[in-house]
Structure formats: C-alpha cells, structure tokens
Number of protein chains: 8
Amino acid sequence: GYATIDNHREIRNGYPEVIYCAGKTVDQVRGIAEYMITRNNNILATRATKEMYEALLEVCPQAKYNELGRVITVQVRPVEETESYIAIVAAGTSDLPVVEEAYETARILGNKVEKVTDVGVAGIHRLMARMDFIRNAKVIVVVAGMEGALASVVGGLVDKPVIAVPTSVGYGASFGGLSALLTMLNSCASGISVVNIDNGFGAAYNASIINKL
Amino acid sequence: GYATIDNHREIRNGYPEVIYCAGKTVDQVRGIAEYMITRNNNILATRATKEMYEALLEVCPQAKYNELGRVITVQVRPVEETESYIAIVAAGTSDLPVVEEAYETARILGNKVEKVTDVGVAGIHRLMARMDFIRNAKVIVVVAGMEGALASVVGGLVDKPVIAVPTSVGYGASFGGLSALLTMLNSCASGISVVNIDNGFGAAYNASIINKL
Amino acid sequence: GYATIDNHREIRNGYPEVIYCAGKTVDQVRGIAEYMITRNNNILATRATKEMYEALLEVCPQAKYNELGRVITVQVRPVEETESYIAIVAAGTSDLPVVEEAYETARILGNKVEKVTDVGVAGIHRLMARMDFIRNAKVIVVVAGMEGALASVVGGLVDKPVIAVPTSVGYGASFGGLSALLTMLNSCASGISVVNIDNGFGAAYNASIINKL
Amino acid sequence: GYATIDNHREIRNGYPEVIYCAGKTVDQVRGIAEYMITRNNNILATRATKEMYEALLEVCPQAKYNELGRVITVQVRPVEETESYIAIVAAGTSDLPVVEEAYETARILGNKVEKVTDVGVAGIHRLMARMDFIRNAKVIVVVAGMEGALASVVGGLVDKPVIAVPTSVGYGASFGGLSALLTMLNSCASGISVVNIDNGFGAAYNASIINKL
Amino acid sequence: GYATIDNHREIRNGYPEVIYCAGKTVDQVRGIAEYMITRNNNILATRATKEMYEALLEVCPQAKYNELGRVITVQVRPVEETESYIAIVAAGTSDLPVVEEAYETARILGNKVEKVTDVGVAGIHRLMARMDFIRNAKVIVVVAGMEGALASVVGGLVDKPVIAVPTSVGYGASFGGLSALLTMLNSCASGISVVNIDNGFGAAYNASIINKL
Amino acid sequence: GYATIDNHREIRNGYPEVIYCAGKTVDQVRGIAEYMITRNNNILATRATKEMYEALLEVCPQAKYNELGRVITVQVRPVEETESYIAIVAAGTSDLPVVEEAYETARILGNKVEKVTDVGVAGIHRLMARMDFIRNAKVIVVVAGMEGALASVVGGLVDKPVIAVPTSVGYGASFGGLSALLTMLNSCASGISVVNIDNGFGAAYNASIINKL
Amino acid sequence: GYATIDNHREIRNGYPEVIYCAGKTVDQVRGIAEYMITRNNNILATRATKEMYEALLEVCPQAKYNELGRVITVQVRPVEETESYIAIVAAGTSDLPVVEEAYETARILGNKVEKVTDVGVAGIHRLMARMDFIRNAKVIVVVAGMEGALASVVGGLVDKPVIAVPTSVGYGASFGGLSALLTMLNSCASGISVVNIDNGFGAAYNASIINKL
Amino acid sequence: GYATIDNHREIRNGYPEVIYCAGKTVDQVRGIAEYMITRNNNILATRATKEMYEALLEVCPQAKYNELGRVITVQVRPVEETESYIAIVAAGTSDLPVVEEAYETARILGNKVEKVTDVGVAGIHRLMARMDFIRNAKVIVVVAGMEGALASVVGGLVDKPVIAVPTSVGYGASFGGLSALLTMLNSCASGISVVNIDNGFGAAYNASIINKL
Ligand SMILES: Nc1ncnc2c1ncn2[C@@H]1O[C@H](COP(=O)(O)O)[C@@H](O)[C@H]1O
Ligand SMILES: Nc1ncnc2c1ncn2[C@@H]1O[C@H](COP(=O)(O)O)[C@@H](O)[C@H]1O
Ligand SMILES: Nc1ncnc2c1ncn2[C@@H]1O[C@H](COP(=O)(O)O)[C@@H](O)[C@H]1O
Ligand SMILES: Nc1ncnc2c1ncn2[C@@H]1O[C@H](COP(=O)(O)O)[C@@H](O)[C@H]1O
Ligand SMILES: [Mg+2]
Ligand SMILES: [Mg+2]
Ligand SMILES: [Mg+2]
Ligand SMILES: [Mg+2]
Ligand SMILES: [Mg+2]
Ligand SMILES: [Mg+2]
Ligand SMILES: [Mg+2]
Ligand SMILES: [Mg+2]
C-alpha cells in the first residue's frame, strides 16, 4: 500500500481545505464546502465571486468574504497564531487584490502577518522608511506588477527568504505580468524565489511553511 | 547616514564572497579573489573556467575546483555545519552541472547537503524509493530540465519548502529551459517557488537561508 | 480521376459526420445536420452551444447534448462497441470539459471508454491507486492543464500509447495552455504524443483509430 | 512495495536499452554501454557522435553507426520482426537525419519499416504516386520541417494513426522548428498527433508500440 | 515641391477611397463618406458594422453591405471589369469573412473574381477537382487558418503569383493566426508571398495591381 | 494518372533547377548538379559555400559564384531577357547578401534587374532622389533589416506590386529579423506582400512570375 | 534621514499630482482628488472614464475631461507656459487617443504643444509638407501604431530628441503594439528613444523635462 | 529639389561620421574611414574588432581603440566640451562594454561625461552614496542587464531625463536582454525612455542632443 502517503500535506491536522474556484460553478463550490464542513475543517476558497460567497453563507453562516482579494474563509476550528510574522510588501494600489489573497491565505494557515503597501521603487524613500519593520519578519512576500523591481531592492536589503509575486498590473509591454515575472526571475539579489503571476495564495502558502519551520 | 545597511547580507560574518565569473576575464577574477583573501573571507566563484581555477591556484593554493559544476571554492575560515540537511533532488544525468553548482554553494554556506539524482518522473519508482529520505530534509531543491515535472511530484509528497530550478537540458520545444520554467511556475502543488533557469547558486542560497532559520 | 480517394476517412461506413461549430451560426449548424440526417449518418458536433442543440432538436429529436463538453451527438445508426477500452485520465476538475469532449467523440466512434479523473500529480497516490485499471486500457488519453505533468508520470508507468491533451486551465504563466503543451512535448517518458490545446476531439479520434487496429 | 512497477516499460524483455548521448561524455556513454552488455541487452544510443561510436567499438565490436541519424545500435539478442510495417514519410532531403533516427529506433525495436522520402507538398504528385504504399502501413510517421504541411496532407488521405515530427530544418521565421510544430498541432486532419521538434526517436517509439498492438 | 507625388496611388483615377472603420465612430465613418461622395468617388469601407452601414444609407442610398465580410461598398462611378480573373481559394467555412473582404475589395477595384471555397488540405481531392479552374486565373489569393497548409499545396501546383492570407481561425496553439502566418512564410513552394493575418483587403489590393499589369 | 501535373512549375521549359544548399554536403550538391547538367538545364544554387562552388567547377566549368550572395549559377541554355525591369531596393550595406541572392535569382530566370541600395529611411532624401527610377519598374523588391520601414515608404510612393524581404540584420530587439518581418506585415501602405526573413530567392522568384505576366 | 529626497520629482512646486485611474474605483479616484485639492495642487488623471469625471465634477467643478484621451485635468494654480514647443506627430486617426493623453499631460505641465496628425509614412508627402514646422520644436513626440515606421522617418529628418510612442492600433501580427514597439527600438535613425505601448503620458512627461532644460 | 535636407543631422558641422562595423569587412571599414579622413571629419566606429583598429592605424595613426567598448575614435578636428555633464550609471561589471560604447560616443560628440558604475539595486546603498552627483547631471544614461531595475530606482530619484539601456548581460530567463528591456519599458518612474538592447551608442547620441539643448 501507499501508507507512506498518510503524512501527505493535504491531510495533516490543522491545514485548511483549499478550493480554487476559477472554472467551478456556484453549485460545485457550495457542494465541496458542505462536504468539508462535515469533516470539521477550516476552508479557504480563492478566486471566489460574491455570488459563491452568498451561496456558501447558506450552508456555513460563519463564512467571511474578502472582496478585494476574492477570498472566502471559514474558520470552524481555532488556529494557533505564530509569534514570528510574515511581511507582505507591495508596490502599488493596483496590487492590493493579490496582497489580500496572500493575506487571507497566511492568516487561515495560522500566521501573524503584517502588510506594507504602496512602497514601489519609483519613490524609494517610502520603502526605506519601513525597512526595519520588514527586516524583522521571518519571511517576506513581495508583490509587484509593471516592472516588478521592488523584489530586487527588498532582496538586497534583508537576510530573510523573499518570495516574489509578479502581478498582471500594467499595460502594453507588461504582457499580462510577463515583464514583472522576468524581472523577478533575473534578480541579482540572491535570496529571492518566484511564484506564478498573481499567485498570492502560493506565495503565502510557501511563506507559511517557512514561517513555521 | 545609511547605518541601517551595516547588517546587509554581503557584509555579515561567515558568508563567503561570491564571484559570478561569466563575462569576466581571468585577470579580473584573480584580482577580485586576491583582494578578498586579504580580508580573510571564504570565496565562492560560479561559472568559472578551468583556466580561471589555475590562475587562482597561484594566489590561493587551497582553492578547489568542481569541474562539473564549474565552481571554485576557497575555504580560509571554518564554517559550522548545520544539523538539518538540504536535499538536492535531480531528474537526470544532464542536470548534474546545476546540481553541483547548488551543492558547492550550499556547502560553503555551511549546510549539510544530501544529493538524490537520476530520479526523473518517467520512472517514478526510483523517486518513491527515496521519498522518506527526502521528506526528512528541512528544505528541498529540485533540479529538472526538459518537462520539469519532478518539482510537482516532489512538491505533492512533502510538507517542506521546495525550491525548483529549471535547467536548460533538452532540445526543440524546450526552448532553452523555458518549458521547465513554465512547468514549475504553474505547478499545482502548493509549496513550490522557482528561480532562474540553471540557477543552482540562487536555489542553494535560498535554501541555506531557510535551513538556518 | 481520383478514385483512389474513395476510401478516404470521412466517407468510410460507420464514421460519424463531424461538425466543428465554433464560428458557425445556429442556422448553419442546423442546416448541415439536416442534410446529414437525410444520408442516415451519425452526427458529432463539437464546441456547440445550448442554442444550437435546441435548434437541432427540432430537426432530429434523438439529438443528445453533453453540456459540460459542449458536444451534440445524434445516433441514427447503431455503432458496434469495441471490447478493448480507451482510458481517459485527467488531472483536475477544471479539465472536465475537455474530458467530456473526448468521451463523446470516442463513444460515437464506437469505443468502450473509461474515465479516471482528478488524479493530478500534486497528490500522486490518487493516480497510483488507479494504475492497474489504466494499464489495462489499449490506449490512454491524458488530459491536464497548468503544468501538465500528469502525462509524463502516466507515460512512465504504462507500455501503451499515450495521447496527451494540454488544456487551457490555469492563469498567469500558463499562457492559455502553452505551459502544459510544452511540458507534454518535452516529456522524457517515451510513448507520448500530443494534440492541440483543449483538443479532446482530436485525442479521442486518434485513440479510436488505435483502439480499432 | 512497488511490485506493480515490475512490468515497467524499460525492464520488459526484448526492449533495448536507450542512451540519450547529448550532454554525456564519451567515457560516460562507453561506461553505460559496457554495463548494459553484461546484461545481454540490445542497445540504442541516439544523438551519438562518431567519437562515441569508436569508443563503443572497443567494448562491443558488433556496434553499428548510422552517421546521418547519429545513432549507434548494438544487437546482441535477436529481435522478431513485425509483419505490418511502419511508413516513415518525409518532406525533404534535409529532414533525413530525423528520418534515420526514427528508422534505427523502429528497427531495433523489431519493426518492419518503409521509408518514403522527398515527397514534400510543394510538388504533391510525388506524394500521390506513393499513397497506396503509405496507406497500407499500420502506422505512419511524417517528418517535415519549414512549414510542415505534409502531415496534414497525409493525414487527410489515410485512416491510420499519423505521428508527426516537426524538424528544425528552415531559417528565419521557422524559428528552429516552431513553425512546423505549430502547423502540425493545428492540423485540420483528424488522426494526427505530434512529438517534439527533431524527435525521430520518440515518434518511432510511439509507432512501434502501436505497430505491435 | 513634391509634385512627383501627384501620381500617388490614392489619388489615381478610378481607385475607390478606402476607409478602415476599426476604431472609428459611426459619425466619423459617415462624415468621411459624405465628403467622399461630393468628390464623386467610389467608396470601400472595411471592418464596418451594420450600424455604420445604416448610418451611411442615409447619405448614400446606393451603399451595399456585405455582412459576412463586414464591408460597405458605394459605387457611384462605373468600374471597367478585367478580362483575366483573380481566384480566391479558401480552406474552410470559418475563413469566409476574410474571403468576402477580399472579394468586395477586388470587385470595387474592377476585377473579375472567382471564389473556390471549402477546399482545405485535409481532403485534398476537393482541391484537385478545381485545380484547372484555379490555374487559369492570372493571380491567386489563398485564404486559410489553423495550419494554413493550403497555400503551399496550391503554390506547388500553379505558375501564377500566389498571395497568401493567414486567418485567425483556430484555437489553442493557433495563437490567433500566428500558426498559419508562420506556415505561409516558411512555405517551400516558391511563388508565395504573405500579408497580415485576416487581411483580405491587402491581399485583394495586391492581386488587383498584379491582375491589371 | 496525374497528367495534369505536366504543366507543373518545376518542369516548365526555361526555368532553372534550384538547389537549396543549406544542410547539404559538398558531395550531394555536386551530385545533383552533375545530374542536372546532363538534362541541359540552367542551375541556380543558393546558400552555397565557396567549397561547393569549387567542387562544382570540376563538373561544370562555366559555373559562376556570387560570393556576397552565396549563389552559384550555371547557364548552359540562353535565357531571353525581359524588357520591363525588377527594381531591388535595399536599406543598408549589411543587407547586400540578400540583395545579391535576389539579383542572381532574378537574372537566371531571365529578368532585367536594377539595384538601388543604401537608401534606408533614416536619410530619406537618398530614396527620394531615386524614386522616379523605382516607379518605372514593373515590380519592386524591397530589402531591409533592423526596423524594416523602407517597405512602407516605398509602398506609399508607387502603384506597382512591392515584395518585401525582411533581413536578419540588427541586434538586440531585432530578434533575428522578427522586428523587420512584423513591420512589413503591418505596413499601412496597401500593395505590399512579404516573404520569409532573408529570403532573397523567394522574393525574386515571385517578382519574376509577375514581371513576365 | 532621507532629507536628500526633499527635491524628489513628485514634490517639486508646480508639478501636478498624477492619478493613474486604471484599476481604481470611481470612489477611490474621487477620494484621492478631493485630498489633493486641499493641497491646492493641479491634477492630472489618466485612463479615466466619463463616470469618474462626473464624480470628480462634484468635488472640483473646474475639472475638464478630454474624452478621446480619457484624461481629466484640474487646474487650480496657474502654470507658466514655455516659449519653445513640443511637437506631437502622429501617423493615423486611430492613434488620436494616445496623442490626446500626451497633449493634456504636456499642457498641464506647462508646455506649449503643437499637434501634427495623420501624417503616416504610407503617404510621405503629408509629412514632408509639415517638416519645417516639426524641425522647429525643441523636442518631438512621435505616435504610431501598426508598423510604427514614422519614428524612423522623422528621426532621420531632425536634430532634436525624438520620443517614440508605439500604439496598440492594428490587428493580427501587430500583436497589441509589439510590432510598432520593436520597429521603434530598432530604428536606424539615431536620436530616438522609446516608451511603453500607448504611453502618451510617459512620452509627454519626458518631453516636458527636456523642453524645460 | 530636396534642399530642405541640407540641414540633415549627418551633414552638420562638428558631428563625427559614424561607422557601424558589425557585418562589415576589415577592408570596407578601412575604406570608409580613409574617405572620411579626406573630408577632415572626426570618426566614430562602433562594434569594431581589434583587427579593424589595426587596419585603420595604417591610414590614420591618431586612431584610438577602446577595447572593452569595441569603439574606434579618430579625432582630427577639436571638439568643444560642454559644461554640463552626462552621467552614465551602470549596474554591474559585465555592463561595462556598453558603458564604454556610450562613453566614447558621448565624448567624441563633445560632451563632458561622468561614469558611476557597479551600483546595482541589489546593494542600494552604493547608489545612494552617489545620488547627489548623479542628480547634478543634465541628462542621465542608465545601463543595466539581468532585471534592469536600476533605471526605475534612479528615475524615481531625479528630475532629469533618464535614457535607459538594457543589456544582454544575464542567462536563462533574461532571454538576451528581453527581461531588462521589458523592465525599463514598464517602469513606474515617469521620466524614463528606452533604447535597444546593448545600444550604448544610441543612448549617448540621444543624451548628447539633450545635453546640448
Ligand atoms: N533522441 C531522443 N529524444 C528524446 N528522448 C530520448 C532520445 N533518445 C533517448 N531518449 C529517452 O531518454 C532516455 C534515456 O535518458 P538517459 O537516462 O539520460 O540516457 C531513454 O529512456 C529515452 O526515453
Ligand atoms: N482591412 C484593412 N486592413 C488593413 N488596411 C486597411 C484595411 N482597410 C483599409 N486599409 C488601409 O487603411 C487606409 C485607410 O485608413 P484610414 O485613413 O485610417 O481610414 C486605406 O488607404 C488602406 O490602405
Ligand atoms: N497613463 C499612464 N501610463 C503610465 N504611467 C502613468 C500613467 N498615468 C500616470 N502614471 C504614473 O502613475 C503614477 C500614479 O500611480 P498611482 O499612485 O497608482 O495613482 C504617477 O506618478 C505617474 O508616474
Ligand atoms: N552601435 C550602434 N547601434 C545602433 N546604431 C548604430 C551603432 N553605431 C552606429 N549606428 C548607426 O549606424 C549608422 C551607420 O550605419 P552604416 O551606414 O551601416 O555604417 C550611423 O549613422 C548610426 O546612426
Ligand atoms: Mg501609488
Ligand atoms: Mg536517466
Ligand atoms: Mg482536484
Ligand atoms: Mg526535395
Ligand atoms: Mg469544411
Ligand atoms: Mg548606410
Ligand atoms: Mg489616415
Ligand atoms: Mg558588482
């Protein structure tokens, strides 16, 4: 048998069930959530519409909706919060949906989280003023679109792991986030790794694993 | 002043100086190394040719060369080894140069490192036989070219941070590593982050920061 | 003359007529179907809207609609079913529309078909539990989006032909299915060939030819 | 245990061992071959240089080298030849290296193989004159570079599985085989599936599995 | 002065005025047309909506609308028809909008035009049956999407100039017409030149210049 | 039979045999040429090395070599020259190899040809000074690399067919000729059609067909 | 401290506040504007919808809306106009929205601006007739879509800095402005620099800095 | 006549003649230089090999060679130096060849130039320490490869025009400079315009025009 798989990630105690709602119907999302609740599990649903949230409310009244981040969370079991914190650092206002997706993910996974937003490199003093706070995090998530240079600058100023999230914010030669993605992959700062464009969930999931080491 | 920058990464105790040799002349590399040795620092030089190594030997006889990984290391100060280990998991024989670059980087940074190679997904039993060993690492580096699927499979079987390194191994539609890079960025396993194509150094540097948290 | 062309594929007995509905009007689709029915032929219409189906119902009441797969089938002549079966193996729930397109295609062409879904590589034990069943198929269709790694893993575990269908499921660096397509083309497992992104029809058509050899 | 993996492809009786020589040293290739011969297995080595062949000759004098296809074969055990044949159909003279890689692969796997070359679509009567012969194959491999249109034309004239191999033959907007690859993936003929650019080995391996069904 | 420019194309007698309507408002299109009519010129308006046509009808009641081709023509002066004809050859039904744009353009420019449609390469006998007719044209426009192979096949069978128009018909790896465009640019048939994706206007304009030489 | 193919392009009287030498060995090129000479045909060999030329000289002493254009021509039968001329217009000195390939092709096909070179748009007066001469050609070939804007400017100043050849001249964001190719395909001048990057042969072949109409 | 940053661009006297409205809600835009007005600053809001303008009118009645350019300007403090002028030169009617964005930006920054539109290279005499006027500007902004050749032609005729703005005008192989962008980057005229696709704001901002030197 | 073109850039007094040596033979370069010297003009030759320099020395002994920048300069007439200076700011050591090309270009055009190198964003204090000096330039050229973030950071700290030069320094996903190019085009700092990858010449030429306004 595959008993070694008993300790697989998704069946560990305390981890929430995660539903990626894009390409699912309202009925499917509610159905999956209903089943999960019977197992007494916390739920994280990303890329969720308001309509999905309302459908979920019928079956789990404690559900909460982060509209900007398009995230539904249902907490039925208490989560112990970490002492160390994850810093989520973001360049501009338009990156906020990705910030919120990361925030909700990190929170339901039991992390202390601090947000530092609107500190893009075009006005670097805004970032400098917050660096001490950022340096004290255990792990840092950097969210930026357009040219995505923020990851390199932060990466050069800290000695903590930096997880960079390119966003699809921009137009023209940003090519839907490709520009920021390439920037982050080619960073000459050394402690940076990258997740998919707009993948706030993935960055926070990674950060959470590291924050709990 | 910029006193806050005193605790910058590159001037912390115990970290080696890193020379990226691509696009430098033999003379430049030797010159930089000579200066570093006066500061009694360990040295890591990546993408180094054999000729560079021979030039370095003249000024620091304790220099070592990993030919496959094209890495020169000079250890002049002792490095304390971590108890937890970094696992470097690789798909095929042709990925070994990147494995070796990662290995030497992690070692000179003071990490215990274990290599698990030739376990590509086309014969998945080879990987399964080594999974317990991989799961016990504190952080995992996955190196794979061609379709790069190994990162997803490993990522689904562990609850540790996975840093994925796409390699330029392949031909035709691998487009110099682009195929493996996209695979890893789109992984449906959740704990994976990615560095640049062939960037064994970057992956190990990241892993080292995490391993020492 | 071109009499040699009499034994062309599309005019062989028992093969259905195939209508690719994308970019056709409801009237055109109904018109083509009406004409076909006079020739007493089975019909397969892919990428069909519900509106097209309703229009078709007026002229051929025995028409059936697979809504998820956007496929209309009209069976006016019996089809003899094969003894060997085609296995359609799929990674995630969002890939189901492509699965259903493949399923309906294979069925109307007279094949026994078995579906094995939601067995993506991020939780590989789900796939392992079904491998014996998959191995007993005569030919295997693998459907996967995002990083598309499922094709390589299946391909390494069977000695049957594997036809891989990348899907456009994903976001960001999946670039509309390009990521999964490249993964499958670069697979280091040897018995895999690939069709266009989301082309469930083409994969099943291929599988049917092979299944009937 | 992983006993189910006993019937994995690579350890089945009669199959040759395959060495992909690109990125291996002469010593590595000879070493692998020497070990294989002790297991009394046939050997297929692709992307092999003449130098590798000469090194192999020292340890297995019965080794043969197809210079155009850059393939070494060593047959130490008899292979039973199929009755049905694989047709390898190719567009131009420059595609011959890929044809030869496919040919040697199919032969050592025990297949009867027929080559039909220099029948590109720019002079379609050349192809028409050979169509009856092509139609009688059990499975067809089509090899073409530049615009790669041959696959569609052949695919429309047969009712056998067609495995298309785009080649890197061409210049300018052929982008190293990308043009032919896209052509083949978008073919409006239905029974075509595609392998990687220049992957004669993969196409023949697939064809062999099908030919032996 | 720039008097040499008096004989510029757009101010030659007999040529219609051309309005490219994409990105223009209904008012702008009507305004331009109204002004043109005062100069007693024929009008060709491409990429025109039905709404634009209705607005034009108010000011020039003799306007005609080709809905499929999204083309408005207004003929106020007689056009002498050529004796030789332009053949417009197209692969599939979905390419008809581009065919119609080319047809209306060629007609208003005074050309005899013959259409040969639904003769894609997947059933090449359909094309063969019409080749004599196609060969007798003075210049040939070939319209095809998906893999675009029709241009190469026609190009190999005629000794007339062939102007190839890739269309955006297709999905997945057709990348909005890129696949057909590359196919046509890489054609190994020699007398083929190419215009932009979906540019029926440009192809017909070219063909008209040649037809009148 | 395929008697209709008797009037195929390649077997018409007076047309030379064309050998595309890229990817052929010296022996193959000489072999093909030797055979052609026995059929008393003129020969055009493109992308030919000096070594190939020297080998050809042994079997046909009247062979001529255009080193810049890498073209061998062998004229054994007289070619009647056209009265009208083809103008080959080129932007810069680095485009000359493509100009020469086009020139030799047009000449051996029996065309009067005039070259107008070094008239790139960065100094447009150079072009203006030659426009009357260019306008009097029957068909115009425009050769340009880097941004390729020359085709649009010429196209706007003539009422003759313009065949545009993008070249791979440039660096950085010229991406091997892609920039010039896209420029030419998107030209807002109407009488322009395009051939593959660096395809001087194809442009001249097209121009010759038109020049002889 | 970061006192050196006091002379940062965005806090200099006389510069307007800039709001990039894409991805902001109507409420956010009105909120930001309301706050700015309290600081008695001029406002420039780009990519603004009519709805945003109407919301702004409530809080600042002197707001003006350039509908074509999607720009809101609010002038509360007088701006001194430069004596030298910026010339904005544009190829076609469809480029006007970008022209207007540039125009409003340059105006609110205090520049004299002259527009020269519809002078695309396909009819170069239109441009020539205006060149003296263009040459007298201190700095020139060139706006063009499709093949974008206008920048090269203008650049070759002036000795002033040229800032080129590619636009997304076009279809097919214009790939959303990529074609014009590459053209401009590869220009063989020497005094040209380039901003992002459709970035009229950025071009005018640059031009303004230069115009005021 | 085209007398208006008398004041074209390339024939203005004091400007050097520029030879782009890539794709020219040693003989051609010497020939062009010899002719120029007879006109008593300064010469700038970019992308020049050492061999070209040695050939030039024979005809103009005062020629100088910047080996790193691959630039030959010949100054036969005095150039008046500007009072204001151009700052060339570069990220890393590997960018120096582009820096030197820019430097020599700016110098021979008569500009005072200051270089600030090795100030990449991964260690931003190095840049900060030099900002006052950079701010005092009249125009700034920023040279950076890999992720190219330096342009954004500098652009946000100055109120002078910034001309950004992406370099091809990097590997993997830097795609030959594409990553840095996209970064710079998408910069959220406002006063930045961009030239082609590695185009130090073009950046300096631009900067010189601006510096002399
Ligand atoms: N030309 C080829 N293209 C793609 N895959 C190949 C080729 N030749 C061999 N292979 C595959 O590579 C495997 C051997 O890889 P390796 O262990 O690196 O020698 C074989 O089992 C084949 O599946
Ligand atoms: N469908 C089309 N595709 C490309 N170019 C076109 C098309 N229709 C018209 N044109 C060109 O656009 C010009 C008119 O552009 P405009 O002045 O913007 O109306 C005409 O002179 C044609 O050269
Ligand atoms: N159309 C535009 N394109 C690019 N950047 C812009 C545009 N309009 C404004 N900006 C920049 O965006 C900044 C404001 O961004 P935000 O803080 O998100 O409103 C301004 O300082 C400008 O530098
Ligand atoms: N490194 C360079 N990159 C881009 N353009 C250049 C470069 N060097 C010179 N040029 C341009 O090339 C022109 C000379 O080209 P050519 O006539 O081919 O020698 C000069 O007028 C410059 O505008
Ligand atoms: Mg902001
Ligand atoms: Mg192996
Ligand atoms: Mg699932
Ligand atoms: Mg041939
Ligand atoms: Mg059809
Ligand atoms: Mg020149
Ligand atoms: Mg116009
Ligand atoms: Mg450095």
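So that the names make sense, note that chain A is the first sequence line, chain B the second, and so on, each numbered from 1.
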Measure across Cys21(C) and Val29(C) and return the closest heavy-atom pair with its distance rounded to 0.1 Å.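 Taking Cys21(C) first and Val29(C) second, the nearest heavy atoms are SG-CG2, 4.0 Å.
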Determine the minimum heavy-atom distance between Val195(C) and Pro166(C), stating which atoms define it.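 So the minimum-distance heavy-atom pair works out to O-CD, 3.3 Å.
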Top contributor to chain B interface from Gly170(C), Ala173(C), Ala149(C), Gly148(C) [non-hydrogen pairs under 4.5 Å]: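 Of the candidates given, the most pairs with chain B belong to Ala173(C).
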So do [Y] and [X] actually touch side chain to side chain, heavy atoms under 4.5 Å?
{"X": "Met36(C)", "Y": "Val74(C)", "answer": "no"}
{"X": "Val141(B)", "Y": "Val165(B)", "answer": "yes"}
{"X": "Leu127(C)", "Y": "Ile134(C)", "answer": "yes"}

Which donor-acceptor pairs lie under 3.5 Å between chain B and chain C?
residue	atom	partner	partner atom	Å
Glu147(B)	OE2	Ser152(C)	OG	2.4
Glu147(B)	OE2	Cys188(C)	N	3.1
Ser152(B)	OG	Glu147(C)	OE2	2.4
Ala173(B)	O	Asn186(C)	ND2	2.9
Ser174(B)	N	Asn186(C)	OD1	3.1
Ser179(B)	OG	Leu182(C)	O	3.4
Ser179(B)	OG	Asn186(C)	ND2	3.1
Leu182(B)	O	Ser179(C)	OG	3.4
Thr183(B)	OG1	Thr183(C)	OG1	2.7
Asn186(B)	OD1	Ser174(C)	N	3.1
Asn186(B)	ND2	Ala173(C)	O	2.9
Asn186(B)	ND2	Ser179(C)	OG	3.1
Cys188(B)	N	Glu147(C)	OE2	3.1

From CA spacing to verdict: side-chain contact (heavy atoms from CB on, under 4.5 Å), Ile72(C), Ile43(C): CA-CA 8 Å; Ile72(C) 303 167; Ile43(C) 296 176; 5.9 Å; no
